[in-house]
Amino acid sequence: MKKLVLIDGNSIAYRAFFALPLLSNDKGQFTNAVYGFTTMLLKVLEDEKPSHLLVAFDAGKSTFRHQTYAAYKGTRQKTPSELSGQIPLIHQVLDAFSIKRYEAKEYEADDIIGTQAKAAAKEGYQVVVITGDKDLLQLVDDQIEVVLTRKGITEVDRYNEAKIDERYGLKPAQIIDLKGLMGDTSDNIPGVPGVGEKTALKLLSEFHDVETVLDSIDQVSGKKLKERLEEHKEQAILSKKLATIVTDAPLEHSLSSLLYNGYEDANVIELFKELSFNSLLNRFSSDDHVDAVEMKELDYRIVTEPTADYFASPSAVVVEVLDEHYHHADIVGISIANKNGVIFIPTEKAIQSEVFRTFMKSDEQEKWLFDAKQAVVALAWQGIELNGVSFDLQMASYLLDPSLSSHEISDIASRKGSGGVQEDEQVYGKGAKKALPEQGKVAEHLSRKANVMFELKQILEKELKENEQLELLTELEMPLSIVLGKMEKEGIKVDRTQLKDMGEDLSERLSALEEKIHEEAGESFNINSPKQLGVILFEKLGLPPVKKTKTGYSTSADVLEKLSGSHTIIESILLYRQLGKLYSTYIEGLLKVADKETGKVHTRFNQALTQTGRLSSTDPNLQNIPIRLEEGRKIRKAFVPSKENSVIVSADYSQIELRVLAHISGDEGMKEAFLKDMDIHTKTAMDVFHVTEAEVTDSMRRSAKAVNFGIVYGISDYGLSQNLNITRKEAKEFIDRYLASYPKVKAYMETVVEEAKEKGYVQTLLARRRYLPELTSRNFNMRSFAERTAMNTPIQGTAADIIKRAMVDMSAELEKTTLTATMLLQVHDELIFEVDEKDKDELMKLVTQVMEQALPLDVPLKVDVSSGASWYDAK
DNA sequence: CTTCCCACGC
DNA sequence: GACGTACGTGGGAAGT
């Protein structure tokens, strides 16, 4: 299908200019309209996938309309110079995208579009017009659609004939009659005074068009209206003529010349850099479109018998693991780049090579990697030790800006202008189609990666230094990744038999419950389907729907809890959900990933993902094993020591975030709580409600706890109101009282937002950064969210820094001692170990000491530690 | 294969 | 006053 997209250049530029704040690049050029136009353009290319494309511009000067009607566009304000200066830049963007643009002296963009649209439709094309100008709706027919910007530039409405009928009750051709009657102030088209949209639509529904209206004035109801129509007859005809888009303007190009063949990435990247469109560069480079970056020749050698002269210090080393589940995964191959050149070694040859193994093991031979943890773990499973990692490109990229969606080598490369590396997805494919290409292609791809890493290391290291983040990388995250790698490889043992037993019990109870629920509902249905459940509850049983989701009734737990008591089915459903979750996610889920022989699960900690600096855990996620409800907590009984005579030890920080807040803000009241080791929620209740410790009621403590919780996670007054089931106003008052009780916390909250606005980012005690461009957003929500994030991230992020440092320290301590103890897991503020019983007491003492001393604050850090035969018992 | 809803942890 | 509201991972349903 041939598809022509016509873009109204001036109209979109104009919209973009007013929709976005007045941005400028480092050369002082204003770029907001260019930016908005470009985002729209990218969206159109992606959504519409045009085979033919044209952007039309107004030539400016005098068109036939001015000659017809001198006052045409007479009231329009002169285009602001900040915008007109951007038009040539928009032209440059189009040139970079190899998109044809056009302007004609005597005609407006509308007329070019009208002419082109009708001509193309005649040839059988599907046509889409992109504009902000409603006038163009008149072009719509069964082959032509008009996409109108609604608010800003991203929100659009798509008009076909049906949609126009729905909106106006008119045929597309009647749009000009509408304009003829009501006029258009922005173009200074007069229309008939006193006739607005309502009256015009009424007249048109009765008489169809301007001419018929004017011929039938005597039939029009309303004396005043009759007079006006009579008086402004000619003006109405003229107005209609002005609003009519020309569809037979002379065009100097053929339709086939609008054929769109895509663009050269390099051209676009170059221009985006010039314009400082960094965010687009990111998005752009992660897109998998059209032509690949042109590649320079790279000299590399496939080596099957590595000799010492191929290795040097430092070397960039690529250890390619195709499966993201890198435990037990095959290594595709290895590439090494250094001063002696670039080589590729097939995996089996590398594993057999003594000289390679020695090189990898050596502490002295410096190696730069991308995701060192993955390499360490994958190699360890192959019996190869990796030491001497002195730079990790992925970690570096993450620390420089955790918000970037990709820290892939190819993306970092194109971001930094190095190019020359294909996306992994382009080389290997994705999903079911993922496969290994011939060795030559793999060798080249890996070699290019290694080669570019050599260059990128210098660039990112320099940026880290400028940010004073190099130490964070080399002294914290990189040592930590080695520690995490060991923990992942070690794994934690789950008792499969116990899980199966629990599973059988659950499964029986679930069947019984299912039967009961179907009985209570009076029919059988899928309880796991929110859609079906909603119909049963709110239609069949007639319960009041409390909340709606985008797609129907909400059946979430908090909704059901509000309904509990109104029908016995509710409680059954809540229990069914609870048990169902346990069964599918935790019993089945864990059994699926537990090694059949060893019973161990080997999670992967993602160290380069969260915006706050925390870790995350996948396959399985061991950071969300149930604890709150006893039923679920029992799952933890299945997590047991892997060795004989050993126990599980759990050590968790008590209130680490609030301690960090007390330290950062320096608030005396809050510090006092921790210096005196008081219960923080009780202390908060005392301070907020101005009562003595003895007077604090359960409800007061619960509210205080919810506010403390809110502070730690950066929730809004709305979030707090939901938590406490109170009104938003009450929640806000509560927060205000809290801040009044802790004045330095209030001051901190204010200054941190101010500073973040100035600098563009917030940071933790150990210089972890998070950029918050939304702080200057005009959208209240986005701005508020950014403000809460600014307050919260230094707190949560510093807590993450602290436990990370404790892990690195603890690992070093364990290596120094003869304790038979292994670190197994981290759950944000908790560390889990396995230890021989004889060393239990010593380990508990050591871990407490290390964790409490990890980072000295103005208040003490407190660690609760306990042990038991399973994770459940270590409480 | 993707999106939505829901639920678990900190 | 509207806006739609901590960070993650994963399972099942349902729509493409």
Side-chain angles (χ1 to χ4, degrees), chain A residues 151 402-403 430-433 525-534 547-561 573-574 576-590 592-593 603-606 609-629 631-633 635-636 652-658 706 708-723 728-729 731 770 774 777-793 795-797 799-800 803 825-830 871:
Chain A
K151 211 164 72 183
S403 73
K430 67 169 174 180
K433 277 183 271 175
F525 67 102
N526 185 347
I527 309 169
N528 282 322
S529 158
K531 199 174 155 196
Q532 295 184 32
L533 180 61
K547 206 166 71 179
K548 283 204 151 193
T549 65
K550 262 177 260 173
T551 47
Y553 307 108
S554 168
T555 65
S556 63
D558 63 312
V559 168
L560 296 185
E561 268 152 29
I573 291 167
L574 282 168
Y576 182 89
R577 281 249 180 94
Q578 190 198 332
L579 301 185
K581 173 80 178 176
L582 290 179
Y583 186 75
S584 67
T585 306
Y586 297 107
I587 303 284
E588 285 190 313
L590 281 172
K592 238 184 280 173
V593 293
T603 187
R604 295 187 325 275
F605 291 106
N606 196 334
L609 185 139
T610 69
Q611 303 303 300
T612 55
R614 279 184 168 184
L615 303 175
S616 78
S617 154
T618 52
D619 300 303
N621 179 358
L622 294 179
Q623 294 184 319
N624 72 344
I625 303 299
I627 190 167
R628 235 181 58 245
L629 302 170
E631 196 81 55
R633 191 174 193 152
I635 301 279
R636 293 176 176 231
D652 68 291
Y653 279 112
S654 161
Q655 304 296 348
I656 186 169
E657 284 96 348
L658 291 174
N708 279 329
F709 178 85
I711 298 287
V712 167
Y713 291 125
I715 62 171
S716 57
D717 50 2
Y718 175 87
L720 181 65
S721 73
Q722 293 294 300
N723 270 337
R728 189 173 147 179
K729 193 161 163 253
R770 182 173 186 178
E774 293 90 355
S777 168
R778 287 144 320 289
N779 177 310
F780 176 86
N781 279 315
M782 290 182 41
R783 196 174 59 245
S784 303
F785 180 46
E787 285 169 0
R788 294 202 304 277
T789 307
M791 302 178 209
N792 162 256
T793 297
I795 302 171
Q796 207 185 109
I803 193 164
L825 296 177
Q826 187 249 50
V827 189
H828 307 308
D829 63 356
E830 175 188 17
W871 193 0

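All chains are named by letter (A, B, ...) in the order of the sequence lines, taking the proteins before the strands, and each is independently numbered beginning at 1.
The side chain of A:R614 contributes no N or O atom lying less than 4.0 Å from OP1 or OP2 of C:dG8. Between A:K531 and C:dG15, a side-chain N or O to OP1/OP2 separation shorter than 4.0 Å is present. OP1 or OP2 of B:dC4 has not a single side-chain nitrogen or oxygen of A:T549 nearer than 4.0 Å. A close approach under 4.0 Å does not occur between any side-chain nitrogen or oxygen of A:T585 and OP1 or OP2 of B:dC8. A sub-4.0 Å separation between OP1 or OP2 of B:dC6 and a side-chain N or O of A:Q578 is absent. In this structure, A:S716 does not reach the C:dG4 phosphate: none of its side-chain N or O atoms is under 4.0 Å from OP1 or OP2. Checking the phosphate oxygens (OP1, OP2) of B:dC5, no side-chain nitrogen or oxygen of A:T555 falls inside 4.0 Å. Neither OP1 nor OP2 of B:dC8 sits under 4.0 Å from any side-chain N or O of A:N621.
Taking the side chain of A:K550 as heavy atoms from C-beta on, and the options C:dA6, B:dC5, B:dC6, the nearest nucleotide is B:dC5. Side-chain proximity of A:R788 to the nucleotides B:dC8, B:dC6, C:dA6 is greatest for C:dA6. The side chain of A:F780 lies closest to C:dC3, out of B:dA7, C:dC3, C:dA6. Side-chain atoms of A:N528 lie closest to C:dA13 of the nucleotides C:dA13, C:dC3, C:dG8. In this structure, the nucleotide among B:dC10, C:dG8, B:dA7 sitting nearest to the side chain of A:I627 is B:dC10. Candidate nucleotides C:dA14, C:dG8, B:dG9 were compared by shortest atom distance to the side chain of A:S529, and C:dA14 ranks first. Closest contact between the side chain of A:L609 and the listed nucleotides C:dA6, C:dG11, C:dT9 involves C:dT9. Side-chain proximity of A:Y586 to the nucleotides C:dA13, B:dC8, B:dC10 is greatest for B:dC8. When distances are taken from the side chain of A:T551 to each of B:dC4, C:dC7, C:dT5, the shortest belongs to B:dC4. Closest to the side chain of A:N624, from the set C:dA13, B:dC4, C:dG8, is C:dG8.
Rounding to whole angstrom units, CD1 of residue A:I527 and P of B:dA7 are separated by 13 Å. Straight-line distance from the CD atom of A:Q796 to the P atom of B:dG9: 17 Å, rounded to whole Å. For the pair A:D558 CG and B:dC8 C1', the interatomic distance rounds to 15 Å; values are reported in whole Å. Rounding to whole angstrom units, OH of residue A:Y583 and P of C:dG11 are separated by 14 Å. B:dC4 atom P lies 20 Å from atom CG of A:L533, rounded to whole Å. Computed from coordinates, the A:R778 CZ to C:dA2 C1' distance equals 16 Å when rounded to whole Å.
Here the side chains of A:R728 and A:Q722 are not in contact, with every heavy-atom distance at 4.5 Å or above.
Across B:dC8 and C:dC3, the matching C1' atoms stand 29 Å from one another, rounded to whole Å. Here, B:dA7 and C:dA6 have their C1' atoms 16 Å apart, quoted to the whole Å.
Here the shortest heavy-atom pairing between A:S556 and A:K547 reads OG-NZ, 4.1 Å. A:M782 and A:S777 make their closest contact through CB-OG, 3.7 Å (heavy atoms, listed as atom of the first residue, atom of the second, distance). For the residue pair A:E631 and A:Q578, the shortest heavy atom distance occurs at CB-NE2, 3.5 Å. The two residues A:L720 and A:I715 come nearest to each other via the heavy atoms N-CD1, 3.6 Å.
At a threshold of 4.0 Å, the pair A:R577-A:E561 does not count as salt-bridged, since none of the basic side-chain nitrogens sits closer than that to a carboxylate oxygen.
Distance NE2/A:H828 to OG1/A:T612: 8.5 Å, rounded to 0.5 Å.
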Quiz item: If you write DNA chain C from 5' to 3' in dot-bracket form, with Watson-Crick or G-U pairs under 3.5 Å, [ ] for crossing pairs and | for pairs with another strand, what do you get?
Solution: ......|||||||||.

